[in-house]
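Down below is the structure, laid out as structure tokens.
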Amino acid sequence: MKPTIALSNQFRRKRKSKPLIEQHRYRHLAVRLCAITIATISMRLVRAFSPRCIPSLSKNLLHDNKLHLATLHRRVRPSSTSLRSLSKSYDVIVIGGGHAGTEAAAASARTGARTLLLTQKISTLGELSCNPSIGGIGKGHLVREIDALQGVMGEVADASGIHFRMLNRRKGPAVRGPRGQMDRDLYKANMQEYLLRGEDLGAGGMENLEVLEASAEDLLLEEGHEIETLAPLADVDSRDTTGEHRRLLQAKSLSSAKANVSNRRARIRGVVAIDSKTDSRIEIEATTVVLTTGTFLRGVLMIGHDRYSGGRHLRDSEEVEPPSVGLALTLERFGFPLGRLKTGTPPRLDGRTIDWDRCNIQPSERPAQPFSHIRQSRGEEPPLAAAGNLIDCYQTATNEQTHKLVMDYAHLLPQYDGMDGKGNGPRYCPSIYKKVERFAERNSHNSFLEPEGLNTHIVYPNGMSGPYPEEIQLQIMRSMKGLEKVDIIRPGYDVEYDFVNPQALTHTLETKSIAGLYLAGQICGTTGYEEAGAQGIIAGANAGRAAGAAYRGEKAPLPFVLGRDEAYIGVLIDDLVTKGTLEPYRMFTSRAEYRISLRADNADLRLTRKGAEYGLVTDPERLAALDMRETLITDNVERLRKFKLFVTDWAIRGGNDLMGGAAIDRPGREGHKKSAEEVLGMPHVTLKDVEDIMADAYAEEQTAILDSNEGSSDEYEFCPTPSSVYDTVEAAVKYKSYVIRQEKDIESWRKAQGARIPPNIIYDHSIMPTFSKEEIEKLNRFKPTTFAEASQISGLTPQSLVYLYHHVMKFNKEARRASQAVVAGESK
């Protein structure tokens, strides 16, 4: 079992008070952390880390229990800007209060920019419009990276989570994805508390941010020719040799950098809005604008053959939030490449009418893994998990009767604008109709029944979206085990909306047509809260930095861009702006060529310092926690490297099968030593396995010393690697050789960009079994002639491109052999 204390990894003397060198180091870090704690006004409570492994260390406690069960669902009184107090101008205006908008507004405010968040309804800020969950495979990586940059999503998810699981736990650390089931009311309340009150949920207050309840109708623009951005990627003084110069050269290498020297047709001047309370038209000036319209851009809602305008239904209501038409027309006028996408949400069920005993239980994991790096550094669980206030989810499945109903009533599904009436929905979160149609050979699909909160009977049936008429939805649901008598509280529906092909953006998410206009979220063709939040934090940071520098009369700031080798956020944005997308884009670990290095457990190590350099990370406690984690990781890996035993001793203590099998018995092996680091690098060996042996060895050594007359009376207690760095230490050692191999594969692929792909290559699962159905389908559709062309196909993963390269090399080699054999035969 992993330890729950977060702060030490060395031995502690029990008897003599003479301190160890390591204890001096920890005391130094402790003093620094305590000073930061005292100096930070927004931090409230102080607690000590466990004295078991290091001296007592003061530390702050996150504001975990502010919304406890007794007041779980109280409404947050909006503390927002009114027309009377509204400023006439801002540095940044963020349009939309969804997941992209909240992250963009918070990021912009953290850079010091005067920021206004415009939203149609303040009461819907932080709404989980569809699935009441955060994270997952690939998506959990994004949440951790957002948190590493001091974003909002991870902290709010921790404070609102009622069910936690680490997906892919049986696989390697690189593909494990943290996921949390949210209490929808609590998530929304916590987000509003954070944004409107400036309350501390762990990432600081919302200084520089105002919120206005209004509907953005249009953009105020200064039109002209040869208009340039406020934050160019290409301008650089070749004589500058500073680190800033090197970072700018890196930015210049981006494929979108050339857009900064192209002619823009307009520059942002502000926003035209309609005040929600007075219906009055207002003009608000701004230097930059971040557009995060979600599904509202000319949105149309559909149930069966009924169609009506709207961006979404208000929760627990038939009321519809109106779509955004004026903004769509402006984008259209400036030649933005617009398309239509759709998404759907399933019916909500009455949990009191479900036979839970007939469903398979899916309990929450304990201890629950937090999204917050600060909480992780303390070895803490999310607050509701720590208090034992968790729920169980359940699993049921469709069957042949369900599938028959789905296909029999397919003629009652909506007619969409996109794809000749079929609709262009998410491939990896398809409707139940698409599942049955696409996988006709399967007679069952899983559905997870997820309660939407602690104080509600509403249940979300994951995987069961399908905008049939309500009576058909009920028949489909009642065909499933455990749902034979279920009632629908409200039916599911689809929404179709405009999106902008993201190739119209640069890597900063600024548009190539209008200077100072940034896009983020579903408007860029993505699907999911996490993808939206990831784009929001990049767009908000760049908009805030550019506008703030312009206001202060400073030179254009360096763009905040993350590379594909730095973050999943970098992979996401690079895929979007270079390849574009023809369907809703979802993040997967397979999309990252550097996924061995881009793990969920090390997001803070990769990103937090960079975020601080660019003014995005401002919380001193977060930086101190990073210092502590880096020290702990270095010391624990070093301890593994220094501890050595004979291979025969490892085998005796851990078993032959675990520690090397038959190789242990080879002659001469008894005199060979291996370090704990080398042993941990072996398959199936865990850090706990190694540290259990180390602890026993140290205990035996201390016993032997005490039993002898010549030994010291000092004793040591072996402290296992703390939970705050356990996964990172284990992965750093285990993946060491794989990272080297990964670099070689990527380098060989880069050199092959200009190589040609033979036209007679056959793309089929029988030949390329590791390729997904999507990849085979797109390769057959586009028939790339070079690897450079193949790399531009949206949905083709880097791993598949490397596999394709090796396959083509093998194909060409066999073709040459066959040709040589023919020539040799003819010569005879």
Side-chain angles (χ1 to χ4, degrees), residues 130-133 136 163 181 301-307 313 342-363 391-416 419 421-452 456-496 772-774:
C130 191
N131 191 342
S133 70
H163 183 280
Q181 190 75 17
L301 305 177
M302 307 176 192
I303 300 179
H305 289 165
D306 292 339
R307 294 168 57 97
H313 274 280
K342 81 173 184 76
T343 188
T345 190
R348 300 309 196 269
L349 309 180
D350 187 340
R352 295 167 295 187
T353 62
I354 296 175
D355 186 351
W356 297 105
D357 292 335
R358 301 199 65 212
C359 304
N360 299 323
I361 191 170
Q362 298 284 321
I391 55 122
D392 294 321
C393 294
Y394 291 81
Q395 179 188 3
T396 184
T398 62
N399 51 54
E400 292 180 356
Q401 181 188 357
T402 312
H403 295 183
K404 185 176 187 304
L405 289 168
V406 166
M407 300 309 294
D408 285 350
Y409 290 104
H411 63 284
L412 297 179
L413 288 170
Q415 291 293 307
Y416 302 92
M419 296 188 69
K422 296 180 181 179
N424 192 2
R427 178 185 295 265
Y428 297 105
C429 185
S431 66
I432 185 60
Y433 170 74
K434 283 295 185 182
K435 287 181 184 178
V436 175
E437 178 192 50
R438 192 177 296 161
F439 304 101
E441 72 282 0
R442 295 185 58 176
N443 56 21
S444 180
H445 294 280
N446 288 331
S447 175
F448 292 93
L449 305 177
E450 302 171 341
E452 292 198 346
T456 181
H457 298 293
I458 299 176
V459 174
Y460 179 94
N462 199 328
M464 293 301 296
S465 69
Y468 294 90
E470 184 173 356
E471 62 274 14
I472 306 304
Q473 293 188 39
L474 183 61
Q475 288 185 47
I476 290 172
M477 298 308 302
R478 286 185 172 179
S479 69
M480 299 165 66
K481 186 172 70 172
L483 306 182
E484 292 85 353
K485 297 181 180 180
V486 76
D487 288 333
I488 289 179
I489 291 178
R490 59 184 180 278
Y493 63 92
D494 273 11
V495 56
E496 192 173 34
S772 70
K773 187 174 181 178
E774 176 190 5

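The structure presented is a predicted model; accordingly, all values stated were derived computationally and were not measured.
The pair Arg307-Asp494 fails the salt-bridge criterion, with no side-chain N (NZ, NE, NH1 or NH2) lying under 4.0 Å from an Asp/Glu carboxylate O.
Across every non-hydrogen atom of Ile432 and Gly466, the tightest pair is CG2-CA, 4.5 Å. Nearest heavy atom pair, residue Gln181 against residue Ser133, reads OE1-CB, 3.7 Å. Listed here is the closest heavy atom pair of Lys342 and Gly423: CD-CA, 4.0 Å. When every heavy atom of Val486 is checked against every heavy atom of Leu474, the shortest pair comes out as O-CD1, 3.5 Å. Here the shortest heavy-atom pairing between Tyr468 and Gln473 reads O-NE2, 2.7 Å. A pairwise comparison of heavy atoms in Leu349 and Ile489 identifies O-CD1, 3.7 Å as the closest pair.
Judged purely by atom type and a 3.5 angstrom limit, Trp356 uses its side chain to pair as donor or acceptor with the backbone of Gly351. Between the His163 side chain and the Gln362 main chain, a donor and an acceptor come within less than 3.5 Å of each other. Although no hydrogens or angles enter the test, the distance criterion places no donor-acceptor pair under 3.5 Å between the side chain of Thr396 and the main chain of Cys359. For Lys435 (side chain) and Gly463 (main-chain N/O), a donor-acceptor pair under 3.5 Å exists by modelled atom type. A donor-acceptor contact shorter than 3.5 Å links the side chain of His305 to the backbone of His411. Proximity of a side-chain donor or acceptor of Arg348 to a complementary backbone N or O of Pro346 within less than 3.5 Å is detected.
Sparse packing is recorded around CD of Gln415, with 12 or fewer heavy atoms of other residues, nucleotides or ligands lying under 6.0 Å away. Within 6.0 Å of OH on Tyr409 lie no more than 12 heavy atoms contributed by other residues, nucleotides or ligands.
Here the straight-line distance linking atom CD of Gln401 with atom CD1 of Ile476 works out to 10.5 Å at 0.5 Å rounding. Interatomic distance, CD of Gln395 versus NZ of Lys481, reported as 8.5 Å (0.5 Å rounding). Between the CD1 atom of Ile354 and the CE atom of Met480 there is a distance of 10.0 Å, given to the nearest 0.5 Å.
The shortest side-chain heavy-atom distance between Leu483 and Leu449 falls under the 4.5 Å cut-off. Between Arg478 and Asp487, some side-chain heavy-atom pair lies under the 4.5 Å cut-off. Proximity of Lys434 to Glu437: side-chain heavy atoms (C-beta onward) are separated by under 4.5 Å at one or more points. Side-chain contact check for Pro363 versus Asp392: some heavy-atom pair is nearer than 4.5 Å. The shortest side-chain heavy-atom distance between Glu450 and Tyr394 does not fall under the 4.5 Å cut-off. Residues Arg427 and Lys773 are not in side-chain contact: their nearest non-hydrogen atoms beyond the backbone lie 4.5 Å or more apart. A heavy-atom distance below 4.5 Å is not found between the side chains of Ile472 and Leu405. Side-chain contact check for Ser444 versus Asn399: every heavy-atom pair is 4.5 Å or farther apart.
Using the six-membered ring where Trp is involved, Tyr493 and His313 have ring planes that are perpendicular, over 60° apart on the 30 and 60° scheme.
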